[in-house]
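Proteins get letters first, then strands, A, B, ... in listed order; numbering begins at 1 in each.
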Amino acid sequence: MGEKVLMKGNEAIGEAAIRSGCRHFFGYPITPQTELSAYMVKKMPKIGGVFLQAESEVAAINMVYGAAAAGVRAMTSSSSPGISLKSEGISYLAAGDLPCVIVNIVRGGPGLGGIQPAQSDYFQATRGGGHGDYHLIVLAPNSVQELVYLTADAFNLSDEYRIPVMLLGDGTLGQMMEPVDFDSIPEPVYAEKPWAATGTENKRDKNVIETLFLEATELEERVLEREKKYDVVKEKLQRYEAHNTDDADIIISSYGITSRVVETAVKILRDEGIKAGVIRPITLWPFPEKIYKQVKPKAFLSVEMSTGQMVEDIRLACECSAPVYFCGRTGGVIPTPDEVVQKVKDILKEVK
Amino acid sequence: MENCEVILAGFGGQGILFTGKLLAYAAMLKGKQLSWLPSYGPEMRGGTANCHVIVADEPIGSPIVTKPNILVAMNKPPLDKFEDSVAKNGYIFVDSSLIDRRVERTDVNAVYIDSTRIANEIGNKNLANMVMLGAILKTTEVFSLSEIEETMKKSLPAKRLPLVETNMKAVKEGYDLV
Amino acid sequence: MSKTIYAKPKSLTDTTFRYCPGCSHGIVHKLVCEVIDELDIQGKTIAVEPVGCAVTAHNYFNFDVVQAAHGRAPAVATGIKRSLPDRIVFTYQGDGDLASIGTAETVHSATRGENITVIFINNTIYGMTGGQMAPTSLPGQVTQTSPYGRDTHTQGYPVRICEMLATLDGPSYIARVSTDTVPHIKEAKKAIKKAFENQINGKGFSIVEILSTCPTNWGMSPIEAMKRLQDEMIPYYPLGVYKDVEEVNE
């Protein structure tokens, strides 16, 4: 482990992206991700990189599309309302099989919503958000250190699979400071990009990045080809953290900052002799469904800062092996450990 | 106390976030687990500002402090808002220059520091946070004076290093008051 | 001995144009490709094609092509150019793409002085979707979505892109040309060449608006369409150079 620095989550993403070889960042201001853009605009000129404040989120994501088509590591970041605007471009990036990293520091919604932390964009992130049959790889860190690791992973995975990767944080993770070590982050693994539109130099046939296929059978073929890739990702990339699951009467799932609240709650529960365990999804897509088929609690509980979104994936994953409950706050309110503890006690009365 | 869960609160411009950062940075230099979480949004400019700092030995769960064992109220609204949440036997530090009421709880340790007035006396009202920090250090022994001085030297950007002396003077004022 | 007096530009593929008879796309595609050949930049060129009839341009362009979402071509081109500054990047957009859904991208890439070239086909109608009113449709023009003629009270006035962009400090070259006569086509080629040369010389944003025909959606023969361009479009959209930074500087 190298020397630790104290850094805000948003800034740490920026530094990790730069260390991962990202030299092209296209942004548009929105709270609560602004520090990431601010970090990038200071750093990029010093290292020969590009920071561009676009005229809109729509333009920013399309600049990413252009940069990704040209074969470079490109990134954009925003928060919920801005991600809705970017969703058009994200669909095109997915359709063009273009690698890039999109950061969503989620705030309360719908509409303008609020600026406090939320997790109500889970469906948007994991189900698409834009139109068409596609997925993003969605990574959900729960600490500043993990933000850094997963930013590095995001670039590598995106290059490897040619799938856009979304880093899903929230206002709390973006704003909080924790010590972080950059020396231990994964090294950039650069993929060959023979498909990129870089100019033929009269040495190869032309490359075309296209997403329009007017022949239905041709489009179907392309979509199914991509689906095969998704199957590989689903098989190989399910990431999670689990503990105390063997004897657990109840397994609590949460991701991102909420998982930190749950950790505190589980400590309280275990101290009181209540057998609570934890499965924390780190990849939200692919959802780590396999682990849910291996555990045998009396109940599952999903804790989220939404009205209940990931809870549906848990229901699908556990295949009704136990009832799945939900506990959450939304609109920017963060659940407290006490609320989780109380919910667990209520559930265990029901399922006993 | 070596570990703590702190809520620092006041209005924007009182150096609330900076004081919290010093505690966080000091914890990092000591090899502790820590988190620092600010309130954010439009209220940062002139409205209320608060930050949550946790110092611990074990990995930190929620970075949101719900039962502080140290509450620092640099003006009245946070005292009203957070007094009830303070852990039993915890500390409430009150800037008595700006807060005209006493702590109502009897199961906590209330410490009244005339920090804004003292800061004015030593020439800069913006140092009230540092005066208060001195009082916190002396009362709770969460960090030593030298640890905080070291932290300032390491965490402040080079051009602001001259501030270390001014800040430490104010910290010592508060330290000696208790 | 036979002598070559004319050849198809090598930047054009052998694919036969699928554009309608009398459509100007074929002419403009050829002009662009001739210019690319003459400047010897085929291997360095990356085109950004729009949504509209020219969404199939990659079938005819013999260099790298990136297909953009509707209206986003200048943003995509910005991303490419900022990633590969030594490449030649141009967008090829119609009026719906550039002057309606993509107005923000057009204006802002222009005002940034983005070092790209924009080829703008103005034929006063949406072609690919079957002839709807465009931002550049003339007052009174009958289209599928202005069946009683464009009513300026409810449907507003046409957008004059060159005049509008010429108010900005960012662009280096703005010209409006036409494809209705041989002399005008020669003028058009000159303008296109200058717009590419500007990019090569690092001068920044250059746009050439090309008044074009769409006989199919105008409900006219190619000859009638050409006459409409001359009689109705050119008076409303005067030809000429609207900005040329070189001239200002000299």
Gap between atom CD of A:Glu55 and atom OG of C:Ser109 - 0.5 Å precision: 7.0 Å
CG (A:Leu112) with more than 12 external heavy atoms under 6.0 Å: no
More than 12 heavy atoms of other groups within 6.0 Å of A:Arg127 CZ: yes
Test item: A:Lys206 side-chain N/O and C:Phe61 main-chain N/O as donor-acceptor pair under 3.5 Å: yes
A:Glu218, CD: over 12 other non-hydrogen atoms inside 6.0 angstrom: yes
Interface residues of residues 41-52 of chain A facing chain C - heavy atom cut-off under 4.5 Å: A:Val50, A:Leu52
Proximal component of C:Asp86, with respect to chain A [non-hydrogen, under 4.5 Å]: neither
Side chain, backbone, both or neither of C:Arg82 within contact of chain A (heavy atoms, under 4.5 Å): both
Gap between atom CG of A:Asn202 and atom CD1 of C:Ile41 - 0.5 Å precision: 11.0 Å
Flag side-chain contact, heavy atom, 4.5 Å: A:Val58 against C:Arg72: yes
A:Ala59 portion near chain C, given a 4.5 angstrom heavy-atom threshold: both
C:Glu49 vs A:Leu212 side-chain heavy atoms within contact, under 4.5 Å: no
Exam field: side chain C:Asp64 to backbone A:Asn207, donor-acceptor pair closer than 3.5 Å: yes
Contact summary for A:Ala197 and C:Leu84, nearest pair of heavy atoms: O-CD1, 3.8 Å
CE on A:Met63 to NZ on C:Lys81, rounded to 0.5 Å: 15.0 Å
Under 4.5 Å from any heavy atom of chain C - which part of A:Arg204: side chain
Portion of A:Val208 that has a non-hydrogen atom of chain C nearer than 4.5 angstrom: both
Part of C:Thr13 within contact of chain A (heavy atom distance under 4.5 Å): side chain
Greatest number of heavy atom pairs closer than 4.5 Å to chain C - which of A:Val72, A:Asp205, A:Ile61: A:Val72
Neighbour count above 12 (heavy atom, 6.0 Å) for A:Glu221 CD: no
CG (C:Asp37) with more than 12 external heavy atoms under 6.0 Å: yes
Nearest heavy atoms of A:Thr200 and C:Phe63, plus distance in Å: CG2-CA, 4.4 Å
Engaged part of C:Val66 at the chain A interface, taking heavy atoms whose separation is under 4.5 Å: both
Polar side-chain atom of A:Glu210 near backbone of C:Gln67 as donor-acceptor pair, under 3.5 Å: no
More than 12 heavy atoms from other groups under 6.0 Å of NZ on C:Lys190: no
Which atoms of A:Ala68 approach chain C - backbone, side chain, both or neither, heavy atom under 4.5 Å: neither
Reported CD1-to-OH distance for the pair C:Ile80 and A:Tyr65, which is rounded to 0.5 angstrom: 8.5 Å
Flag side-chain contact, heavy atom, 4.5 Å: A:Glu201 against C:Lys44: no
Ring pair (Phe, Tyr, Trp, His ring centres under 6.0 Å) against A:Tyr39, all qualifying residues, sequence neighbours excluded: none
A:Thr198, part contacting chain C, at a heavy-atom distance under 4.5 Å: both
